[in-house]
*Asks:* 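I have a structure here, written as C-alpha cells, and I will follow up with some questions on it.
Just follow the structure's listing: the first ligand is 1, and inside any ligand the first atom is 1.
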Amino acid sequence: VLCWFYAFPVYRIPSDKEIVEEVLRQGEVWQKNQTGIDLYRKLLTDCCDPKRMFAVTKENSPMGKVMWYDGEFYHSHTVNNETYAVFAQVFTQLFGIVQSCRCAVVGNGGILRNSKCGRDIDQADFIMRCNLPPLTKKYVDDVGTRTHLVTANPSIIEKRHQNLLWSRKAFVDSMKVYGSSYIYMPAFSMKPGTEPSLRAYYALSDTSSNLTMLFANPEFLRSVGKFWKAHDIHAKRLSTGLFLVSLALGLCDEVTAYGFWPFSVGLDEQPISHHYYDNILPYKWFHAMPEEFMQLWRLHKSGTLRMRVGRCP
Ligand code: CDP
C-alpha cells in the first residue's frame with residue numbers, strides 16, 4: 001500500500017478532504033516509539049542545541065556579542081549594558097522541570113473548540129501555549145487552565161496593549177491567567193519587536209510579577225528553521241507552534257500536541273474556524289501550516305509524538 005506521504009509528492013499538498021480521510025483512516029491508534037523519540041531528540045540536539053540555545057542568556061550572549069535578527073536581513077543587535085542586564089542567567093531550572101516529563105504543546109487551532117481536551121492537557125507535567133491565548137471560563141473544558149510556558153509575539157503587545165507606551169496595568173493584569181509561567185518572546189527576530197519586548201519585561205519585573213521573561217535566541221530560531229527546511233517545510237517563517245514542538249521534541253520524554261489543524265473543515269467535514277477563539281486567518285504566504293501538519297502527522301504515525309485532533313475521551 002502506498003504510504004500517504006509518498007502518494008502525494010511534496011509539491012502537492014493534499015486537499016482538506018484528503019487529509020480528513022487520512023486522519024480518519026488512522027483513527028485513534030497511537031503507539032509510543034522510544035527509538036523515534038530518541039532519534040528526534042538527538043537530531044534536534046545536534047542541529048539546534050535547545051538546552052543551551054533556546055533563549056538568550058548571559059552565558060550564550062555575553063556583552064558585546066553581535067546577535068543577528070533571524071526574521072530580517074542585515075539587522076543586528078550588539079549586546080550592551082541594558083540588554084545584558086535583562087537576559088536570563090541560565091535556565092537550568094526550566095530544563096530541570098521539562099526533562100523526563102510529559103509535555104503538552106497547545107496550538108490555537110479551531111479544532112480545540114468542543115474538544116473537551118482541557119482535562120487531558122492539564123494533566124501534562126509541562127504545558128506550552130502559543131501567543132497569549134485566552135484561557136477564560138468559556139474555553140476551560142476545551143483547552144485547560146495550566147501553563148508553564150507561553151509565547152508572546154511583540155505584535156500582540158502592539159495590537160492589544162498600545163505597545164505599552166501608556167498604562168501597563170491592563171497588560172500586567174491580563175498576564176495573571178498564566179500563573180508563574182515563562183513568557184517566551186522573540187525580541188530579536190524583527191527589529192521593531194525589540195523595544196516592546198523590553199517594555200513587557202520591565203512591566204512585569206517592575207510589578208514583581210510571578211512570570212519569568214525569556215527572550216528567544218535568534219540563533220536557535222534560525223537553526224530550527226533550517227532543520228525543518230530540510231524536512232520539506234518551505235515558508236518565510238515557521239509557525240510558533242512548530243518552534244515549541246521542536247523544543248519539546250528536543251527535551252521532553254513524551255510530547256502530545258493539541259490544536260494543530262490548519263484546515264477549513266473538521267473531521268466531521270463541517271467548517272471550522274482558524275482559532276478556537278476567532279477566525280482571523282494568517283497572512284497567506286507567511287507560514288506553511290499544512291506542510292507543517294504533514295510532518296507532525298508523520299511523527300504521529302511513527303509514534304514519535306502524539307497528535308490529538310479529535311475529541312478527548
Ligand atoms: O503566530 P502563529 O500564526 O504562528 O500562531 P497562532 O495562530 O497563534 O496559533 C498557534 C499555533 O497553533 C500556530 O503557530 C500553529 O502551529 C498552530 N495552529 C494550527 O496548527 N492550526 C490552526 N488552525 C491554528 C494554529
Side-chain angles (χ1 to χ4, degrees), residues 13-16 19-20 22-23 70-71 103-115 117 121 127-135 139 142-144 147 149-160 174 177-178 183-187 189-190 193 196-197 216 221 224-225 227-228 231 233-249 255-300 305-310:
I13 302 298
S15 68
D16 290 12
I19 296 216
V20 167
E22 154 65 18
V23 170
D70 63 291
C103 295
V105 184
V106 188
N108 288 334
I111 197 138
L112 274 171
R113 207 157 184 173
N114 301 321
S115 67
C117 284
I121 292 172
I127 301 163
M128 309 188 202
R129 301 185 191 267
C130 305
N131 293 329
L132 303 178
L135 298 178
Y139 305 116
D142 297 330
V143 302
T147 306
L149 183 146
V150 61
T151 68
N153 206 304
S155 65
I156 304 178
I157 305 293
E158 185 190 336
K159 281 189 209 127
R160 292 191 208 159
S174 72
V177 62
Y178 305 109
I183 308 295
Y184 185 63
M185 288 196 79
S189 289
M190 307 288 280
S197 305
L221 300 181
V224 172
F227 176 84
W228 288 108
H231 287 73
I233 297 179
H234 300 280
K236 195 158 169 3
R237 193 175 173 77
L238 294 183
S239 77
T240 310
L242 191 57
F243 282 120
L244 290 189
V245 168
S246 309
L247 174 73
L249 283 172
V255 181
T256 308
Y258 303 80
F260 286 77
W261 185 261
F263 309 110
S264 55
V265 291
L267 290 175
D268 53 5
E269 296 202 33
Q270 293 302 308
I272 195 167
S273 61
H274 182 62
H275 292 135
Y276 70 83
Y277 47 85
D278 69 27
N279 195 24
I280 299 174
L281 299 172
Y283 291 121
K284 200 159 181 197
W285 305 113
F286 199 58
H287 295 318
M289 285 193 202
E291 285 91 329
E292 292 185 3
F293 178 86
M294 284 163 65
Q295 290 302 323
L296 295 176
W297 189 247
R298 186 178 57 83
L299 293 176
H300 172 88
L305 62 72
R306 184 169 197 180
M307 297 278 282
R308 279 262 177 219
V309 287

*Asks:* Can you confirm whether the side chains of Glu291 and Trp228 place a donor and an acceptor under 3.5 Å from each other?
*Replies:*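 Note: Glu291 and Trp228 side chains miss the donor-acceptor criterion.
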*Asks:* Compare every heavy atom of Ile127 with every heavy atom of Ile121, then report the nearest pair and how far apart it is.
*Replies:* O-CD1, 3.2 Å
*Asks:* Indicate whether any N or O donor in one side chain lies under 3.5 Å from an N or O acceptor in the other, for Ser174 and Arg160.
*Replies:* no
*Asks:* Could you work out, with side chain to side chain contact (heavy atoms under 4.5 Å, CB included) as the rule, every residue matching Glu158, not counting sequence neighbours?
*Replies:*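 Partners of Glu158 under the side chain to side chain contact (heavy atoms under 4.5 Å, CB included) test: Asn163.
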*Asks:* So for ligand 1, is Asn153 a polar contact partner (N or O within less than 3.5 Å, distance only)?
*Replies:*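 It does not: no N or O of Asn153 is found under 3.5 Å from an N or O of ligand 1.
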*Asks:* For Asn108, which part has a heavy atom under 4.0 Å from ligand 1: side chain, backbone, both, or neither?
*Replies:*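 Within the 4.0 Å criterion, Asn108 contacts ligand 1 through backbone and side-chain atoms alike.
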*Asks:* Considering all heavy atoms of both residues, which atom of Ser189 and which atom of Asp70 are nearest to each other, and what is their separation?
*Replies:*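 It is OG-OD1, 2.8 Å.
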*Asks:* Can you tell me the protein heavy atom closest to atom 3 (O) of ligand 1 and the distance?
*Replies:*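 Result for atom 3 (O) of ligand 1: His287 NE2, 3.4 Å.
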*Asks:* Quick one: does Pro282 get a heavy atom under 4.0 Å from ligand 1?
*Replies:*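 Under 4.0 Å: no for Pro282.
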*Asks:* Which option, His275, Glu292, His274, Met307, owns the non-hydrogen atom nearest atom 7 (O) of ligand 1?
*Replies:* His275
*Asks:* Can you confirm, on distance only, whether ligand 1 has an N/O atom lying under 3.5 Å from any N/O atom belonging to Gly241?
*Replies:* yes
*Asks:* Is ligand 1 under 4.0 Å from a heavy atom in the side chain of Pro262, in the backbone, in both, or in neither?
*Replies:* both
*Asks:* Return the set of residues passing side chain to side chain donor-acceptor pair (under 3.5 Å) with Ser264 (not counting sequence neighbours), or none when no residue passes.
*Replies:* Asp16
*Asks:* Looking at atom 25 (C) of ligand 1, what's its closest protein heavy atom, distance included?
*Replies:* Gly109 N, 3.8 Å
*Asks:* May I ask you to check whether Ser239 has an N/O atom sitting below 3.5 Å from an N/O atom of ligand 1?
*Replies:*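 Yes, since at least one N or O of Ser239 sits under 3.5 Å from an N or O of ligand 1.
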*Asks:* Could you label the plane-to-plane angle of the Trp261 and Phe263 rings as parallel, tilted or perpendicular, counting under 30° as parallel and over 60° as perpendicular?
*Replies:*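 Perpendicular, since the angle between the ring planes exceeds 60°.
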*Asks:* Do Trp261 and ligand 1 have an N or O pair less than 3.5 Å apart?
*Replies:* yes
